Colleague: 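Can you keep this structure in mind? I'll have questions shortly.
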Amino acid sequence: MTNRELADIFNRIGDMLDILGENRFKVLAYHRAADQILHLGQDIRACWQAGTLQQIPGIGPAIAEKIDELLTTGRLEFYERLQDQVPAGVVSLLEIPDVGPKTARLLWERLGLQSVAEVEQAARAGKLRTLPGLGAKSEARILAGIEALYRRSDRIPLGAAWPVAADLVEGLKARCAEVVDAAVAGSLRRMRSTIGDIDLLAASESPAAVMRAFSSHPHVAELLLSGPTKTSVRLHNGLQADLRVLEPQRWGAALQYFTGSQAHNIRLRELAQKQGLSLSEYGFKRQDGSEIVCRTEEEVYRTLGLPWIPPELREDRGEIQAALAGTLPPLVEWDDIQGDLHVHTNWSDGAGTLAEMAEAARAKGYRYLVISDHTQSLGVARGLTPERLREQRAEIDALNAQWDDFVLLQGCELEIKADGSLDLPDEVLAGLDFVVASVHSSLRQDPAQITARVMNAIHHPSVDVIGHPSGRILGQREESAVDLEAIIRAAAESGTALEVNSTPARLDLDDLHVRRAVEMGVKLAINSDAHHPAGLDSLPFGLATARRGWATASDVLNTLTLEQLRAWRQARITGATHSEPPRGGRG
DNA sequence: GCCGTTTTCGGCCCGACTGTTTTCAGTCG
């Protein structure tokens, strides 16, 4: 039973208890436990076997016992009894926007409705308006919610949401003189890998003018709700966008609040309470009603006795405890990045020439760039044979003669073939400057098979990095069955680095496995996997993913200078232990 | 159901918006 399956069960238990009218804090406890399990970053069976379940925040004796029963027997009596009381179809009604536990229970008890389709039928027949507390408007609203549910678009990748959000922010600033400041907030500012909706914030003394400018933006398809401080719209691409407008002097508190996450904010408010303060998007309130208004986020955190916490960490995964203890990690930053270790050119399936890719990298201030075109067995990508690699080497050498501040390295993205063998002979690999090894084929092999393939590459002395280790494509392809925990352990032993692939649709490793890798002392390579010069621009998405996994510069291979990178590689090949040299800033 | 440098019992974040209401409940984030 996987973490996700356990989390699903506890979430459904929470939903069923909610519908039954159980104490809301008990309901919350189940949802919190589910969230913790889902974001554990390692298989919960390891904690179970080690007897450390109750060390996970939000898991106490009752839920630990239920986890034990589920993992031991595959069943949970408590859950089965609840399922007898609340039909699964009734729980599914909670998926309808604006239908919560109270309404779901009402629909079930008074009209016997047990599916979204039945609710839709009843609404069309005008039956919902006969229920206490519901009128014609609620009925129409629920019907609209069901239609939205049917055409619901899934979460979209971070990299796809950014340009739209940037357009909206720019639009606000350009179209409305009353806007003092505007910014992206929410999960987008926290740089989650996928985005469910776009949260925006504006500072202004004239909210109404800002709301008008927002709701008339060309991206906007439909006005969902509108009040004096908040407007929600649906965009033409199907995404929902929410805008909050606040007074400029409250900017810091508002930005903090609206960035979330919700779980992080709840923790902050609990801290505030202990100090006799109440925290909201407007700032702090003392018990006598006087206010502490915060113009910056730093002031919000300082008032609570905390250092400013980077948005990427605000998920209630230990960052507040670390901030209290003064042990927040110094996260890797853009200025730390010295080069990109994985790009393609028109020698294989890329669109740019060697010179074009090199100049684009130089323009970013990089000191080096690894050309890692595909290898021969990936025919669709015109993978390189040993002969063509030799020809490419000559061209790279010629290009390198013209720079004294930048170096092109010759590498490859080596195919890990379906039988686990590598796509180039050892002597060819040994002649390259750097090797990224990746799986592109037979992604549906069983866990043992595909894990063994990657293990083989990890233990090869010429392989420096495992590329996009999970193989996921966001919204299209689940990760392969590869045992990432085992891969991370093996990488820690062999000194092989794991990639954080920055392509917006990949972001692979994900933040949770980055965190696990950092804990295990594994080096990360934050790479763009660019297939054209503009593709280099996606590296910040991988950088953010690494930051979400608590990575510091010393965890990241491509923060090393060229000399250090070469020394790191040499030390691995010779098996020597290497001390950590100081990093040089890119300036 | 979880949790504790104010607590092992008694708390548990806070506000906006909507609809159906005469002051509030439900939902959402």
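Keep in mind that this is a model prediction, so the values were computed, not measured. Per chain, numbering begins at 1; letters A, B, ... match sequence-line order.
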Colleague: Looking just at side-chain N and O atoms, do R155(A) and T194(A) make a donor-acceptor pair shorter than 3.5 Å?
Modeller: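 Their side chains do contain a donor-acceptor pair, which is all the 3.5 Å distance test asks for.
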
Colleague: Want to settle it: does G58(A) or K285(A) sit nearer the 5' end of DNA chain B, counting the closest nucleotide to each?
Modeller: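 Upstream on the strand: G58(A).
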
Colleague: For R124(A), run the salt bridge (Lys or Arg N to Asp or Glu O under 4.0 Å) check against E147(A), E118(A), E139(A) and tell me which one passes.
Modeller: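 The residue from E147(A), E118(A), E139(A) that satisfies salt bridge (Lys or Arg N to Asp or Glu O under 4.0 Å) with R124(A) turns out to be E147(A).
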
Colleague: Select from V27(A) and L94(A) the residue whose nearest nucleotide in DNA chain B is closer to the 5' end of that strand.
Modeller: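 Nearest nucleotide further toward 5': that of V27(A).
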
Colleague: Do the charged groups of E478(A) and R472(A) touch, with an N to O distance under 4.0 Å?
Modeller: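 A salt bridge is absent here (no side-chain N lies under 4.0 Å from a carboxylate O).
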
Colleague: What's the gap between dC12(B) and dT7(B) when it is taken at their C1' atoms, as a whole Å value?
Modeller: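 Taking atom C1' in both dC12(B) and dT7(B), they lie 13 Å apart.
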
Colleague: On the six-membered ring of F78(A), is K66(A) placed so that its NZ or CZ lies under 6.0 angstrom from the centre and within 45° of the ring axis?
Modeller: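 Yes, K66(A) and F78(A) form such a contact.
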
Colleague: What's the shortest heavy-atom distance between P248(A) and E205(A), and which atoms?
Modeller: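 For P248(A) and E205(A), the tightest heavy-atom pair comes out as CD-OE2, 3.6 Å.
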
Colleague: Let me know the distance between CG of L200(A) and P of dA16(B), rounded to the nearest Å.
Modeller: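 It is 19 Å, rounded to the nearest whole Å.
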
Colleague: Taking only the C1' atom of each, what is the distance from dT6(B) to dG11(B) in whole angstrom?
Modeller: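 Approximately 12 Å lies between the C1' atom of dT6(B) and that of dG11(B).
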
Colleague: Picking from I9(A), I44(A), T2(A), what satisfies side chain to side chain contact (heavy atoms under 4.5 Å, CB included) with I37(A)?
Modeller: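 Output: one option passes, namely I44(A).
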
Colleague: How is L268(A) classified with respect to the nucleic acid when contacts are heavy atoms under 4.0 Å: base, sugar-phosphate, or nothing?
Modeller: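 Here L268(A) touches no strand at all.
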
Colleague: How does protein contact run along nucleotides 18-25 of chain B, one letter per nucleotide 5' to 3', with B for base contact, S for sugar-phosphate only, - for none, heavy atoms under 4.0 Å?
Modeller: SSS-----

Colleague: In whole angstrom, give me the gap between the P atoms of dC13(B) and dC17(B).
Modeller: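 Result for the P pair: 22 Å, nearest Å.
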
Colleague: Counting only side-chain nitrogens and oxygens, does S232(A) get under 4.0 Å of the OP1 or OP2 atom of dC17(B)?
Modeller: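 Indeed not, no polar side-chain atom of S232(A) lies that close.
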
Colleague: So R250(A) and E247(A), salt bridge (Lys or Arg N to Asp or Glu O under 4.0 Å) or not? Walk me through it.
Modeller: CA-CA 6 Å; R250(A) 298 184 191 274; E247(A) 303 159 71; 3.0 Å; yes

Colleague: Figure out the CG/C1' separation between L223(A) and dC17(B), and round it to whole Å.
Modeller: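 Between C1' of dC17(B) and CG of L223(A): 13 Å.
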
Colleague: Against the six-membered ring of W251(A), is R295(A) placed for a cation-pi contact (under 6.0 Å from the centre, within 45° of the normal)?
Modeller: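 No, cation not above the ring by the 6.0 Å, 45° rule.
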
Colleague: How many Å lie between CD1 on I56(A) and P on dC2(B), as a whole number?
Modeller: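 Interatomic distance, CD1 of I56(A) to P of dC2(B): 12 Å.
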
Colleague: Given the C1' atoms of dG1(B) and dT8(B), what is the spacing between them in whole Å?
Modeller: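 These two C1' atoms come out 14 Å apart once rounded.
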
Colleague: Is dT8(B) paired to anything, Watson-Crick or G-U wobble with both distances less than 3.5 Å, and if yes, which nucleotide?
Modeller: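 Per the H-bond distance test, none.
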
Colleague: Taking the same atom, C1', in dC14(B) and in dT21(B), what whole-Å distance lies between them?
Modeller: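 It comes out at 23 Å once rounded to the nearest Å.
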
Colleague: What one-letter contact string describes nucleotides 7-14 of chain B from 5' to 3', where B marks a base within less than 4.0 Å of any protein heavy atom, S marks contact via sugar-phosphate atoms alone, and - marks no contact?
Modeller: -----BBB

Colleague: Once you round it to whole Å, what is the distance between C1' of dC2(B) and CG of D316(A)?
Modeller: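 In whole Å, dC2(B) C1' and D316(A) CG are 13 Å from each other.
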
Colleague: Consider side-chain hydrogen bond (donor to acceptor under 3.5 Å, both in side chains). Of E315(A), E319(A), R314(A), which one does H264(A) pass it with?
Modeller: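 Testing each of E315(A), E319(A), R314(A) against H264(A), the sole residue satisfying side-chain hydrogen bond (donor to acceptor under 3.5 Å, both in side chains) is E319(A).
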
